[in-house]
2 protein chains.
Amino acid sequence: MKLSKKERQLTLHQTITDNPFVTDDDLAKRFGVSVQTIRLDRMELSIPELRERIKSVAEQTFEDEVRSLPIDEVIGEVIDIELDKSGISIFDVKEEHVFQRNQITRGHHLFAQANSLAVALINDELALTARANLLFSKPVQMGDRVVAKAKVSHRDMHRTTVEVMSYVDKTLVFKGEFEMYRSTSQLGEEN
Amino acid sequence: MKLSKKERQLTLHQTITDNPFVTDDDLAKRFGVSVQTIRLDRMELSIPELRERIKSVAEQTFEDEVRSLPIDEVIGEVIDIELDKSGISIFDVKEEHVFQRNQITRGHHLFAQANSLAVALINDELALTARANLLFSKPVQMGDRVVAKAKVSHRDMHRTTVEVMSYVDKTLVFKGEFEMYRSTSQLGEEN
DNA sequence: ACTCCTATTAGTACCTAGTGCTAGTAGCGG
DNA sequence: CCGCTACTAGCACTAGGTACTAATAGGAGT
């Protein structure tokens, strides 16, 4: 059975947002309508064409010109980074991050945010965590926005120590000291 | 002054890698050569066309976005547990757990396995991690099966210390000491 | 001087995934 | 039957290419 216009447009929107790489032709076949109908739908919903969609996805990554480590492997959203120095990322706690029982964030998410920020900070091909020291100072609730601030505190040949402090509304909720291993010892200027 | 072919191709490669959004036309103007020359250069250097470049940048982001979601509930499979005493869980490292770049497991997955095993050990409504001390002694590769063995090492009123050792084929890859907080002090049996 | 070779340029046909526009049809309500 | 909405169809045109052929300029070798 065919969908109504409204239903189709809703589904269309969903389909495109969870796979922006789909063409009008694909969509037409999927919904059993003509390509023109799909185009009218996209216009009404102001959904740009395939190439523009792909481009904007690509631009998102690229705008944060941190080329040393793919920023997309970071848990949480990096909002500022200065390689080998400091960085900030934010992480919004949602339903899937908490214990159902008490709505408290599972520790490994806070660790993941802090650790991947520490990895991102290291301006190196190979950055691995060697050791870590963690303190979970206050439970984080669902809905909280966790701001992690990382700072490189020490460097020698192959080791870099990164200190990460995570806050919810100015309150420290997590503190971690990460000893990172890196393959090269480049201490001079980058680039 | 014009560049030689070799110089131009080197510069071209650099130009494209740090801005994949540039068209052949732009490049032709930038180097003062024809569009065809740029195309020959791209072929020799096997650099794909603009649209393909953009697409691959977009795909990277997209795959990782989808991938970073399932850091969900059960991390590792608990195969044996004795409450307040000891437990064992296994975790198979798959593609989504490693850095694309070097196929090494991201630290937070090892942490997540160990930490959630520690949580499971605590026989309490409210078990939270208060502090942790971690050592990542050896990189874990994709395809490895990580066996985590946890043991309660110390208890007092509200704190329980759990030691977790994770192995891949008898080799220690991770060691963690977790100081867990619990709400009740129940030392006797129950439920 | 003539030939061979490389580098470069020019131009054509074709492709994909569209936009923008005009026109036509099918079904339904008043 | 008129008008409306929803849908379909077709054409010209676009960007940013591929794939291919052909022409030209400047050297090096003999």
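Just so it is clear: chains get the letters A, B, ... in the order the sequence lines come, proteins before strands, and each one is counted from 1.
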Whole angstrom value for the distance that separates C1' of dT5(D) from CZ of R8(A): 12 Å
Whole-Å gap separating C1' (dT16(C)) and CD (E52(B)): 11 Å
Distance-only criterion, 3.5 Å: show the donor-acceptor pairs between side-chain atoms of residues 36-43 of chain A and protein atoms not counting sequence neighbours.
| residue | atom | partner | partner atom | Å |
| --- | --- | --- | --- | --- |
| T37(A) | OG1 | S34(A) | OG | 3.0 |
| R39(A) | NE | D24(A) | OD2 | 2.9 |
| D41(A) | OD1 | R8(A) | NH2 | 3.1 |
| D41(A) | OD1 | Q9(A) | NE2 | 2.8 |
| D41(A) | OD2 | R8(A) | NE | 2.6 |
| D41(A) | OD2 | R8(A) | NH2 | 3.1 |
| R42(A) | NE | D24(A) | OD1 | 3.0 |
| R42(A) | NH1 | I47(A) | O | 3.1 |
| R42(A) | NH2 | D24(A) | OD2 | 2.7 |

Whole-Å gap separating P (dT19(C)) and CG (L40(A)): 10 Å
Could you list the protein-to-nucleotides 25-30 of chain C atom pairs, N/O on both sides, closer than 3.5 Å?
none

Nearest heavy-atom neighbours spanning A114(A) and V164(A): CB-CG1, 3.6 Å
Whole-Å gap separating P (dT6(C)) and CD (E44(B)): 11 Å
Ion pair D25(B)/K29(B), N-O distance below 4.0 Å: yes
Side-chain ion pair, E44(A) and K6(A), N-O less than 4.0 Å: no
Less than 3.5 Å apart, which donor and acceptor atoms pair up between the side chains of residues 142-152 of chain A and the rest of the protein, not counting sequence neighbours?
| residue | atom | partner | partner atom | Å |
| --- | --- | --- | --- | --- |
| D144(A) | OD2 | Q141(A) | N | 2.9 |
| R145(A) | NE | D92(A) | OD1 | 2.7 |
| R145(A) | NH2 | D92(A) | OD1 | 3.3 |
| R145(A) | NH2 | D92(A) | OD2 | 3.0 |

Distance, rounded to the nearest Å, where I38(A) contributes CD1 and dT19(C) contributes P: 12 Å
Listed once per pair and sorted, the ring pair (Phe, Tyr, Trp, His ring centres under 6.0 Å) pairs that draw on residues 126-145 of chain A, sequence neighbours left out: F136(A)-F174(A)
Mutual orientation of the aromatic rings belonging to H158(B) and Y181(B) [parallel < 30°, tilted 30-60°, perpendicular > 60°]: parallel
Between P of dA17(C) and NZ of K29(A), the distance in whole Å: 10 Å
Nucleotide dG26(D), atom C1' - distance to NZ of K5(B) in whole Å: 15 Å
Short side-chain N/O contact to dT8(C) OP1/OP2 from T37(B), under 4.0 Å: no
Test side-chain contact (heavy atoms from CB on, under 4.5 Å) applied to S86(A) - qualifying residues, sequence neighbours left out: E82(A)
Ring-face cation of R53(A) near F21(A) (centre distance under 6.0 Å, axis angle within 45°): no
L45(B) CG - dA7(C) P separation (whole Å): 13 Å
Nucleic acid footprint by protein, nucleotides 15-25 of chain D - heavy-atom cut-off 4.0 Å, B for base, S for sugar-phosphate alone: BBBB-------
